[in-house]
Protein chains: 2
Amino acid sequence: MASIKEIAKLAGISMGTASFVLNGKGDQMRISKATQEKVLAAAKELGYRPNISARRLRSEGEKVVPVIAILWTLDTRVSLISRFLEGIQGTFAGQGDGFELMVQPYENSKLDKLNSLITGTRFNGAIVANASDEDIAYLENNEINVPIVLYQRKSDKYSTVSVDSYQSGVMVADLFANRGHKTSGIILPNVSSQAVRLRKEGFMDRAHSYGLQVPSNHIVSGSFSEEGGYQCVKELISKGELPSSLFTLSDQMAVGALTALYEEGIRVPQDVEIMGHDNNENTKFTIPSLSTIHLPVEEMAAACVNMLMDLIEQKVKAPVSKLFNSSFVIRQSCGGVCEDN
Amino acid sequence: MASIKEIAKLAGISMGTASFVLNGKGDQMRISKATQEKVLAAAKELGYRPNISARRLRSEGEKVVPVIAILWTLDTRVSLISRFLEGIQGTFAGQGDGFELMVQPYENSKLDKLNSLITGTRFNGAIVANASDEDIAYLENNEINVPIVLYQRKSDKYSTVSVDSYQSGVMVADLFANRGHKTSGIILPNVSSQAVRLRKEGFMDRAHSYGLQVPSNHIVSGSFSEEGGYQCVKELISKGELPSSLFTLSDQMAVGALTALYEEGIRVPQDVEIMGHDNNENTKFTIPSLSTIHLPVEEMAAACVNMLMDLIEQKVKAPVSKLFNSSFVIRQSCGGVCEDN
DNA sequence: TTGAAAGCGCTAACAT
DNA sequence: ATGTTAGCGCTTTCAA
């Protein structure tokens with residue numbers, strides 16, 4: 001990468017002059033037009049691009065604020081990042097610049113490729129979201145020198161912010177059983193995720209102890225999207241009789257599931273009751289409105305930032321953990337008021 | 001901010017030694033336990049935090065890759081960022097590290113507060129999304145030294161990637177007129193945005209020339225969200241008779257609008273036909289499915305990155321522009337196949 | 001086991 | 001109108 005020094009040499013002038021021109025201060029500094037053109041030509045020829053780190057190092061004296069990275073997978077779960085960002089924005093808005101936020105996309109199960117986690121040359125701390133089991137294994141088995149907070153994952157080594165996903169599953173099984181259901185099904189996103197697995201386990205364990213039947217042909221999985229949920233329901237239907245209750249582990253999939261059921265003439269909640277998970281904003285507006293488990297994403301996001309800041313500033317020592325509660329949001333699709341039953 | 005130099009002084013040792021300890025290389029370099037503890041204690045006392053810029057400058061020799069920032073407002077429109085990121089990911093996945101991506105949140109109409117745009121100390125180039133009219137005015141009236149690309153905004157001074165929003169409005173008016181509608185309404189998000197204004201103008205102008213009636217009481221606005229769309233419909237209803245066609249300028253609002261209509265027993269498309277805008281993924285799964293204008297967000301995102309890279313590498317000179325086409329996605333809510341009509 | 005010092009690329013103060 | 005230079009904070013080589 002071409003530096004100012006090289007530009008200066010090529011243009012036959014000094015670094016200082018080149019710097020002025022390159023920063024648009026040529027006129028202000030009364031650099032002659034001829035010189036300015038020489039500099040610009042040289043910069044273009046060498047494909048000059050300023051080194052941000054050098055510029056920053058030199059320019060910012062006092063107010064170096066910590067850089068916080070949000071490590072988010074760029075698979076279908078990107079759609080969830082908006083609530084996370086809203087939580088951060090809502091909490092820290094107007095509090096000045098306590099930190100600098102960057103979103104660092106990474107490929108699912110390829111966290112080991114992100115070597116800025118090791119070198120610490122990009123951010124002062126990171127919030128790791130959507131970590132797969134491989135990603136977690138990588139983190140557990142390696143020395144990460146940058147402070148990190150795991151979002152919605154458990155760990156003995158690292159700090160975490162999460163809800164008790166197992167308990168969420170238990171809650172739904174309780175609800176289904178209490179509402180008199182004898183059979184149930186599960187729609188799962190096919191991502192390798194602790195949180196999803198725990199929800200399922202909690203649900204299955206409790207269902208079992210209640211005698212709520214969840215046969216294996218009523219457990220289906222699909223992509224983490226509306227389309228995935230739609231396909232899951234189609235698959236369930238193709239397999240024969242439906243259960244009277246259905247736990248969809250992601251709201252996004254639940255939206256597609258509702259559509260598939262509607263197309264097939266299966267009434268919700270009369271024929272099948274549906275519970276989603278997350279309490280995404282639009283679940284209030286599905287037809288029928290979706291009952292779901294509220295995931296306090298916004299609060300958790302703010303907690304992640306606070307915890308990470310404390311870690312970075314060495315006010316606390318890893319690992320620390322914060323556990324949030326999930327709760328029911330009862331709407332029409334399960335347990336709520338429904339006009340025509 | 002404490003530096004290594006200060007740590008070294010406080011601990012009574014040299015900078016080099018402090019650096020080793022702070023980077024977890026203490027044992028490897030056979031620094032004595034006593035010294036290591038002194039360093040760590042000093043670091044904690046001073047609240048040491050490494051300076052990322054300095055570290056980077058020192059460490060990364062060859063492969064300094066350009067930093068691209070996505071400037072996105074942290075208002076309700078954050079939900080749109082996922083498609084944008086997906087577009088970038090989908091296009092550049094596996095192409096190695098041609099650039100570094102950061103998402104830089106900013107407050108709507110406060111782009112002038114983001115002075116890294118002027119100082120160029122944060123990124124090599126930026127994609128500016130959701131710019132309000134004030135933001136655009138700020139950009140037009142100031143010398144921005146960092147290469148930028150405006151997403152979905154027009155400008156004579158800066159490079160842009162957009163669709164012809166006016167034309168989108170025209171298309172919808174055409175469709176409504178051709179389908180025999182005599183009256184129409186508009187649901188607008190209350191954000192200060194060129195794109196929204198142009199869609200509206202295109203629609204109104206063409207409606208006028210067709211004799212399609214759009215009385216002012218059928219033009220309502222609300223927040224950019226499902227809730228906003230829901231409230232808009234409630235407002236329309238409270239005002240009296242509904243038009244037979246409704247152009248909702250954002251899909252997210254359209255989802256809420258459909259729910260409000262359903263609640264009121266107004267059938268879509270039999271009583272009112274609805275057109276959304278954007279072609280968000282979930283519009284395929286609303287009940288009824290939503291007809292909408294496809295906005296090629298993913299392609300535009302990729303184009304933004306490509307254009308910005310060319311700008312940064314000085315392969316092209318600003319301003320350059322790229323215009324994409326929008327197109328109809330006809331589903332049940334307007335013009336599509338509907339079982340029970 | 002530790003210290004000294006060079007130098008990453010840049011900007012700006014100072015010198016001509 | 002342009003050149004010279006110090007130094008931002010850090011890592012790492014070399015020396016002791």
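In this text the structure is predicted, and so the values were computed from the model without any measurement. Residue numbers begin at 1 in each chain, while the letters A, B, ... track the order of the sequences.
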Practice task
Determine whether A:Leu295 and A:Val163 make a side-chain contact, defined as any pair of heavy atoms from C-beta on separated by less than 4.5 Å.
Solution key: yes
Which whole-number value in Å describes the distance from [X] [atom1] to [N] [atom2]?
| X | N | atom1 | atom2 | answer |
| --- | --- | --- | --- | --- |
| A:Leu22 | C:dA12 | CG | P | 13 Å |
| B:Leu46 | D:dG9 | CG | C1' | 15 Å |
| A:Ile52 | D:dC8 | CD1 | C1' | 16 Å |
| B:Leu57 | C:dA6 | CG | C1' | 13 Å |
| A:Lys5 | D:dG3 | NZ | P | 16 Å |

Give each protein N/O atom lying under 3.5 Å from an N/O atom of nucleotides 12-16 of chain D, with the pair distance.
from	atom 1	to	atom 2	distance (Å)
D:dT12	OP2	B:Lys25	NZ	3.2
D:dT12	O4'	B:Arg58	NH2	3.2

Problem - Sugar-phosphate only, base, or nothing, as touched by B:Ser53 at under 4.0 Å among non-hydrogen atoms - result: nothing
Practice task
Indicate, with a heavy-atom threshold strictly under 4.0 Å, whether A:Ile31 touches base, sugar-phosphate, or nothing.
Solution key: base
N/O donor-acceptor pairs under 3.5 Å from side chains in residues 306-314 of chain A, not counting sequence neighbours:
from	atom 1	to	atom 2	distance (Å)
A:Asn306	ND2	A:Ala302	O	3.4
A:Glu313	OE1	A:Lys315	NZ	3.1
A:Gln314	NE2	B:Tyr48	O	3.1

Handout entry: Taking every non-hydrogen atom, the tightest pair across A:Asn51 and A:Ala54
Key = OD1-N, 2.9 Å
Does [X] come within less than 4.0 Å of [Y], counting only side-chain N to carboxylate O?
| X | Y | result |
| --- | --- | --- |
| A:Arg83 | A:Glu298 | yes |
| A:Lys33 | A:Asp27 | yes |
| A:Glu134 | A:Lys110 | no |

Where the side chain of [X] is concerned, which of [options] is the nearest nucleotide?
| X | options | value |
| --- | --- | --- |
| B:Arg30 | C:dT1, D:dT2, C:dG3 | C:dT1 |
| B:Pro50 | D:dT2, C:dC10, D:dC10 | D:dC10 |
| A:Asn51 | D:dG3, D:dC10, C:dG9 | C:dG9 |
| A:Tyr48 | C:dC10, D:dT2, D:dC10 | C:dC10 |

Handout entry: Residue-phosphate contact under 4.0 Å: A:Ser32 side-chain N/O, D:dT2 OP1/OP2
Key = yes
Practice task
Look at A:Ser3 and C:dG9 and indicate whether a side-chain polar atom (N or O) is within less than 4.0 Å of OP1 or OP2.
Solution key: no
Side-chain atoms of residues 38-45 of chain A: list all donor-acceptor pairs with protein atoms under 3.5 Å, sequence neighbours left out, distances to 0.1 Å.
none

Practice task
Take B:Thr119 and B:Gly12, find for each the nucleotide of DNA chain C with the closest heavy atom, and name the residue whose nucleotide sits nearer the 5' end.
Solution key: B:Gly12
